[in-house]
Amino acid sequence: MGTNKRYAAYYDRQMDARILQRIAAEFPLQSLTDGELQAGSLPVTRDPQPKPCKAWVRFGPHAMLVDGVVVVWNDLACGIEFTIGDRQLRCWVWANAVTPIEPGYPSHEH
């Protein structure tokens, strides 16, 4: 007896969410430092309407792709917010670790 391919994507997302929750519980979320952000010399832009994105974040040694929103940025990095389980998290990541999700673009959100 085979598996139900109709729901395969759903179960894959559920498994990915569980893995992400486990890693986030075991390892600290990493964020760029003020030095990496050049916080004293680069202006920061805050978006009153955060834009959806996919972003690579790090929990300890693990790089994970998350669905989030860009809330602030400078020339080098983006400050993002994302949710894992019932936890709202924020961090700074390099700008090239972020992919905007355009309207109509499939985001594969859970």
Side-chain angles (χ1 to χ4, degrees):
M1 186 171 268
T3 61
N4 187 333
K5 293 181 182 15
R6 179 177 180 187
Y7 299 107
Y10 168 79
Y11 289 115
D12 285 347
R13 285 192 305 270
Q14 292 291 85
M15 182 61 72
D16 290 347
R18 281 191 216 116
I19 291 168
L20 182 57
Q21 284 180 319
R22 192 186 90 236
I23 288 173
E26 292 179 22
F27 297 95
L29 175 62
Q30 295 181 5
S31 187
L32 299 177
T33 66
D34 285 345
E36 291 168 323
L37 294 170
Q38 296 181 22
S41 60
L42 290 179
V44 173
T45 302
R46 186 166 303 278
D47 195 334
Q49 297 179 324
K51 305 297 186 276
C53 71
K54 289 205 168 279
W56 287 98
V57 299
R58 286 200 164 277
F59 290 95
H62 302 283
M64 306 296 293
L65 186 62
V66 298
D67 293 313
V69 292
V70 176
V71 294
V72 64
W73 67 89
N74 69 17
D75 288 345
L76 299 175
C78 296
I80 64 165
E81 290 182 352
F82 59 99
T83 303
I84 296 179
D86 60 354
R87 292 174 47 204
Q88 183 77 18
L89 301 169
R90 300 177 98 171
C91 69
W92 281 92
V93 297
W94 296 115
N96 63 356
V98 176
T99 302
I101 297 175
E102 302 297 327
Y105 180 79
S107 67
H108 308 292
E109 290 181 1
H110 309 353

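Inter-residue side-chain proximity for Asn74 and Gln38 is flagged as unmet; no heavy-atom pair is nearer than 4.5 Å. No side-chain heavy atom of Leu37 sits under 4.5 Å from any side-chain heavy atom of Leu42. In this structure, Lys54 and Val98 have side chains that are not in contact, with every pair of non-hydrogen atoms separated by 4.5 Å or more. In this structure the side chain of Ile80 reaches within 4.5 angstrom of the side chain of Val57, judged on heavy atoms.
Across Glu36 and Leu76, no two heavy atoms sit closer than the pair O-CD1, 3.7 Å. Nearest heavy atom pair, residue Ala95 against residue Cys78, reads CA-SG, 4.1 Å. Gln30 and Cys91 get closest at one heavy-atom pair: O-CB, 3.8 Å.
Taken together through direct or relayed side-chain contacts under 4.5 Å among Ile, Leu, Val, Met, Phe, Trp and Tyr, Trp92 and Val71 form part of one hydrophobic cluster. Placement of Leu29 and Phe27 within a single hydrophobic cluster is found when ILVMFWY residues are connected by side-chain heavy-atom separations under 4.5 Å, directly or transitively. Phe82 and Trp56 fall into different hydrophobic clusters, where Ile, Leu, Val, Met, Phe, Trp and Tyr are joined by side-chain heavy atoms under 4.5 Å apart, directly or via other members. Both Phe59 and Val93 belong to a single network of hydrophobic side chains, linked directly or stepwise wherever heavy atoms of I, L, V, M, F, W or Y lie under 4.5 Å apart. Cluster annotation: Leu89 and Leu32 are assigned to distinct hydrophobic clusters (Ile/Leu/Val/Met/Phe/Trp/Tyr, side-chain heavy-atom contacts under 4.5 Å, transitive).
Panel note: side chain Gln88, backbone Thr83; no donor-acceptor pair is recorded below 3.5 Å.
Taking OG1 of Thr99 as the reference point, atom CG of Leu65 lies at 7.5 Å (rounded to 0.5 Å).
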